[in-house]
Engineer: 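Below: one structure in structure tokens.
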Amino acid sequence: MTLSTTDQSASLSAMAVAEIAHELRSPLGGIEAMAMLLSQSGLSAQQQRLVDGLCAAAGHLRSVASDFLDAQSETGKTPVVSDGALDLRAFIDMLAVSAEARARSKGLSFALSFDATIAAPVQADARRIRQMLENLLDNAIKVTTTGGIRLAVSHVDRRGVFEGLRFVVEDTGPGFSAEQASKLFRHFGRLDNGVAGTGIGLAMVRRLANAMGGEAGCEGWPGKGASFWFTLRLKMPKEPGHDGTLAETPPSSGAMEGLGRRILVVDDNQANRMIMGAVLEHFGFEMAEAETAEQALSLLPGGSFAALMMDQTLPGMSGLQALQRIRAMPEPLASLPVIPVTGRVSASDKAAFAAAGANGFVEKPITARAVRVALEAALATVGQAASEAA
């Protein structure tokens, strides 16, 4: 089948929107994460107000990026991918950091409720879930002037067997009547409450929830607030030992103790390197940095690095190409733990890195917990191999 000129233009436009949204989200994640680190460093009241304003500005730009993605979703050219293993707790923690900063910039409280029985990974499209939750959180923060926001995540199961997840975003905003609620999930459905918006976000949330075997809805109480929710019918990752029952998180292996402490971070975005450096320093590591894959490869011989953490989208050689080059080097460089750190998280991206010999995967925007989990796993493998060789 040959695409018409119109179809080709539409396809290219959809690709351009996706690329723009990705390029906006990556630096915005860095801005928000650094602002959050600053807010926890004992600032004066005046400095705290400035940091809160920074978070608010970044939140506004994030809303613009979300509108890009919402518009793309309405074209029907954004399929749901459900075969990726998602560490849900780390994923929700990442979203909560950003949402809390945005809420606090308006003088609002933020609370997170996460069902502790959700311990094992789930099989889900992280990008779509992020898109849905950020839409609901952005809306809640936008309409709320006093009080706070609450995000709750719980599991849906039958006879102890995991079936899916339920996400709820509650606010103490103006609320709405049952009659108004019936209009909200329609295309371009908006309330006449003076709050700006595209009117397509909630329709997108329902469409994506339905695509993942779930549903979406809301409840409102005039003058008291509202609750927006969606459910997703998800699966456990297809790995040995997963029988679909809820499992407890295994204890830390302690793999980050007693091994090399120098990590090479490769990213062409200085803000991203600063964030990673702060996280690594928190865990007692020393960071060396490079802006390109070529520069990183030149630093490896004699660098005595414990691991390499590298973005995929780099000027010149890509992260994947660099990984392939490393695996073709003489030992011990060929066995150096390499962890991709990227916002490109499709199943095909992860499969390509795994096939090339990657040691884990960290999704952007990063969280300290995700970095620690990835490093523990990668360094545990190295430690075990060294013990067996001895």
Engineer: What pair of heavy atoms forms the shortest contact from Leu323 to Ala356, and how long is it?
Structural biologist: CD2-CB, 3.6 Å
Engineer: Could you check whether any side-chain heavy atom of Ile263 comes within less than 4.5 Å of a side-chain heavy atom of Met276, counting everything from C-beta outward?
Structural biologist: no
Engineer: Could you state the interatomic distance from CZ (Arg166) to OG1 (Thr231), rounded to the nearest 0.5 Å?
Structural biologist: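 So the gap between those two atoms works out to 7.0 Å.
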Engineer: Applying ring-ring contact (aromatic ring centres under 6.0 Å, His included), can you list everything that pairs with Phe228, at least two apart in sequence or on another chain?
Structural biologist: Phe176
Engineer: Would you mind reporting whether Phe361 and Asp87 have side-chain heavy atoms less than 4.5 Å apart?
Structural biologist: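 Of all side-chain heavy-atom pairs linking Phe361 with Asp87, none is under 4.5 Å.
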Engineer: With sequence neighbours left out, write down each residue that passes ring-ring contact (aromatic ring centres under 6.0 Å, His included) with Phe167, or none if nothing qualifies.
Structural biologist: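 In terms of ring-ring contact (aromatic ring centres under 6.0 Å, His included), with neighbours along the sequence ignored, Phe167 is linked to Phe230.
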Engineer: Evaluate the side-chain proximity of Leu88 to Phe114: yes if any heavy-atom separation is below 4.5 Å, no if none is.
Structural biologist: yes
Engineer: Going by heavy atoms in the side chains, are Val371 and Val341 under 4.5 Å from each other?
Structural biologist: no
Engineer: Would you name the heavy atoms of Val205 and Ala216 that are closest together and state the gap between them?
Structural biologist: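 Minimum heavy-atom contact is CG1-CB, 4.2 Å.
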Engineer: Looking at Leu297, Leu299, Ile326, which one forms a side chain to side chain contact (heavy atoms under 4.5 Å, CB included) with Leu308?
Structural biologist: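 Considering Leu297, Leu299, Ile326, a side chain to side chain contact (heavy atoms under 4.5 Å, CB included) with Leu308 is found only for Ile326.
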Engineer: Taking atom CD of Gln270 as the centre, report whether more than 12 heavy atoms of other residues, nucleotides or ligands fall under 6.0 Å from it.
Structural biologist: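 12 or below, so no.
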Engineer: Tell me, please, which residues at least two apart from Ser113 pass side-chain contact (heavy atoms from CB on, under 4.5 Å).
Structural biologist: Arg150, Ala152
Engineer: Any chance you could measure Gln131, atom CD, to Leu136, atom CG, to the nearest 0.5 Å?
Structural biologist: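 CG of Leu136 is found 11.0 Å from CD of Gln131.
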Engineer: Identify, with sequence neighbours excluded, every residue that meets side chain to side chain donor-acceptor pair (under 3.5 Å) alongside Asn139.
Structural biologist: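 Asn135.
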Engineer: Sub-3.5 Å donor-acceptor pair from the side chain of Thr172 to the main-chain atoms of Gly225, do we have one?
Structural biologist: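 Not confirmed, Thr172 side chain does not pair with Gly225 backbone.
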Engineer: How does the hydrophobic cluster around Trp229 look, that is, which other residues are in it when side-chain heavy atoms under 4.5 Å mark a link?
Structural biologist: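 For the cluster that includes Trp229, the remaining residues are Val168.
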Engineer: Where do Ile141 and Ala99 come nearest, in terms of heavy atoms and distance?
Structural biologist: CD1-O, 3.7 Å
Engineer: With Asp93, which residues qualify under side chain to side chain donor-acceptor pair (under 3.5 Å), at least two apart?
Structural biologist: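 Once residues adjacent in sequence are excluded, the partners of Asp93 under the side chain to side chain donor-acceptor pair (under 3.5 Å) criterion are Arg89.
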Engineer: In Å and rounded to the nearest 0.5 Å, what is the CZ to CE distance from Arg206 to Met132?
Structural biologist: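 The distance works out to 11.0 Å.
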Engineer: Does any pair with a residue in residues 308-332 pass salt bridge (charged side-chain N to carboxylate O under 4.0 Å, His left out), and if so which ones, sequence neighbours excluded?
Structural biologist: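 Found Asp311-Lys364.
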Engineer: Indicate yes or no: at least one non-hydrogen side-chain atom of Met309 is less than 4.5 angstrom from one of Leu375.
Structural biologist: yes
Engineer: Can you tell me which residue pairs pass the salt bridge (charged side-chain N to carboxylate O under 4.0 Å, His left out) test with a partner in residues 270-288, sequence neighbours excluded?
Structural biologist: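 Sorted result for residues 270-288: Arg262-Glu286, Arg273-Glu289, Arg273-Glu291.
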Engineer: If you draw a 6.0 Å radius around CE in Met287, do more than 12 non-hydrogen atoms from other residues or ligands fall strictly inside?
Structural biologist: yes
Engineer: What's the separation between atom CZ in Phe353 and atom CD in Gln324, rounded to the nearest 0.5 Å?
Structural biologist: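 Those atoms lie 9.0 Å apart.
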Engineer: Within a strict 4.5 Å, meaning less than it, do heavy atoms of the Leu314 and Val266 side chains meet?
Structural biologist: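 In short, these two side chains touch, coming nearer than 4.5 Å.
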Engineer: Minimum heavy-atom separation for Gly173 to Thr144, with atom names?
Structural biologist: N-OG1, 3.7 Å
Engineer: Measuring from Leu264:CG to Leu336:CG, what's the distance to the nearest 0.5 Å?
Structural biologist: 8.5 Å
Engineer: Quick check: do Phe283 and Val279 have side-chain heavy atoms less than 4.5 Å from each other?
Structural biologist: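 Side-chain contact under 4.5 Å: yes.
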Engineer: Quick one: list whatever passes side-chain contact (heavy atoms from CB on, under 4.5 Å) with Thr292, sequence neighbours left out.
Structural biologist: Glu294, Gln295, Pro315
Engineer: With sequence neighbours left out, write down each residue that passes salt bridge (charged side-chain N to carboxylate O under 4.0 Å, His left out) with Asp268, or none if nothing qualifies.
Structural biologist: none
Engineer: Under the side chain to side chain donor-acceptor pair (under 3.5 Å) test, which residues partner Thr146, sequence neighbours left out?
Structural biologist: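 Per chain and number, Thr146 pairs via side chain to side chain donor-acceptor pair (under 3.5 Å) with no residue.
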Engineer: Does Leu333 have any side-chain contact (heavy atoms from CB on, under 4.5 Å) partners at least two apart in sequence or in another chain, and if so, which?
Structural biologist: Leu300, Pro301, Met329
Engineer: Give the minimum heavy-atom separation between Pro337 and Leu379, together with the two atoms involved.
Structural biologist: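 Shortest heavy-atom contact: CG-CD2, 4.4 Å.
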Engineer: Which value, rounded to the nearest 0.5 Å, describes the distance between Leu112 atom CG and Ile149 atom CD1?
Structural biologist: 13.0 Å
Engineer: Show your working on side-chain contact (heavy atoms from CB on, under 4.5 Å) between Ile92 and Leu133 and close with a plain yes or no.
Structural biologist: CA-CA 9 Å; Ile92 294 298; Leu133 280 175; 3.8 Å; yes
Engineer: I need the minimum non-hydrogen distance between Ala378 and Ile339, along with the two atoms involved.
Structural biologist: CB-CD1, 3.9 Å
